Amino acid sequence: MLIFSVFKTLTDQEVTVELKNDLSIVGTLKSVDQFLNIKLDNIRVLDEDKHPHMIAVRNCFIRGSVVRYVQLPKAAVDTQLLEDATRRESSNAQKAAR
Amino acid sequence: MDALSNLAFTTSGALIDLVDKKVLVHLRDGRKLIGVLRSYDQYANLVTTQTLERLYHPPTNSYAQTERGVFLIRGENVVLLGEVDLDLEDPPLQRMTLQPWNQIAALLDAERTDKAKAKKLGEKVLFERSGFGEEGGEGDAY
């Protein structure tokens, strides 16, 4: 759930999504859901010559299960906050297990 | 919390705008389907009508297409669902030549076979020289 929350704070940021079929797409993050399916707007494919079918597509929905990486803008991620949140979540999980 | 307040961050919220629009569906096996999105669910299972399947062969700057009709696509096979911008759809196709389906299909088939052979050979060499195992035969199909 933590990563889902992080992605929610990143809406309207420009991200690069690399898929497992090596297609890389740059676009504005519009929405994300519980499966980390991603919706991008104003997309651009990095190797357009190899993927001519993508020229006519301006916004797209990417299934979370086929994503390999998402590159985020450095300025948009507060790593300190993320570390703290991760520790809090893991200690909560440990408490719940007891 | 109101059940609808978080709608923008659900699968349904993301896909509802695309219903009755012309979409391009990219499948895990590399197929590209162009059709009108009629229905979907939370797994991204999709129903498209008036579906075309298109093959692209960038090296020869050519493409082929065939009519497929109605599709029910199981969500796990979906890589990407894109809304086709009707103004931008035709120019790229006009720059390419339309070829008969069988011709492009044979070209792509041959390329796929060559690629698989090269991969197999590479894996064999890696195995014999360094003991690396095979990838499990999944390859591009992930």
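All values derive from a computational prediction rather than experimental measurement. Proteins get letters first, then strands, A, B, ... in listed order; numbering begins at 1 in each. No hydrogens, no waters, no symmetry mates; every other heavy atom, side chains included, goes into these values.
- Within the 4.5 angstrom heavy-atom criterion, no atom of B:N77 approaches chain A.
- When heavy atoms are compared at a cutoff of 4.5 Å, A:K39 approaches chain B solely by way of its side chain, counted from C-beta outward.
- Side chains of B:T11 and A:D33: a donor on one and an acceptor on the other come within 3.5 Å.
- Heavy-atom pairs under 4.5 Å with chain B peak, among A:F61, A:F7, A:F35, at A:F61.
- Interface remark: A:D49 contributes backbone atoms only to the contact with chain B (heavy atom separation under 4.5 Å).
- Side-chain N/O atoms of B:T49 and B:R38 include a donor and acceptor closer than 3.5 Å.
- Salt bridge annotation for A:R87-A:E83: present, with a cationic side-chain nitrogen under 4.0 angstrom from a carboxylate oxygen.
- Formation of a donor-acceptor pair under 3.5 Å by the A:R63 side chain with backbone atoms of B:G75 is found in this model.
- B:L86 does not touch chain A: none of its heavy atoms, backbone or side chain, sits under 4.5 Å away.
- Counting heavy-atom pairs closer than 4.5 Å to chain A, the top-ranked of the candidates B:E76, B:E89, B:R54 is B:E76.
- Relative ring orientation between A:F4 and B:F9 is described as perpendicular, the plane-to-plane angle rising above 60° on a 0-90° scale split at 30° and 60°.
- If you measure heavy-atom distances from B:L93 to chain A, you find no contacts under 4.5 Å at all.
- No donor-acceptor contact under 3.5 angstrom links the side chains of B:T10 and B:S12, judged on distance only.
- Proximity to chain B (any heavy atom under 4.5 Å) is restricted, for A:I25, to the side chain, taken from C-beta onward.
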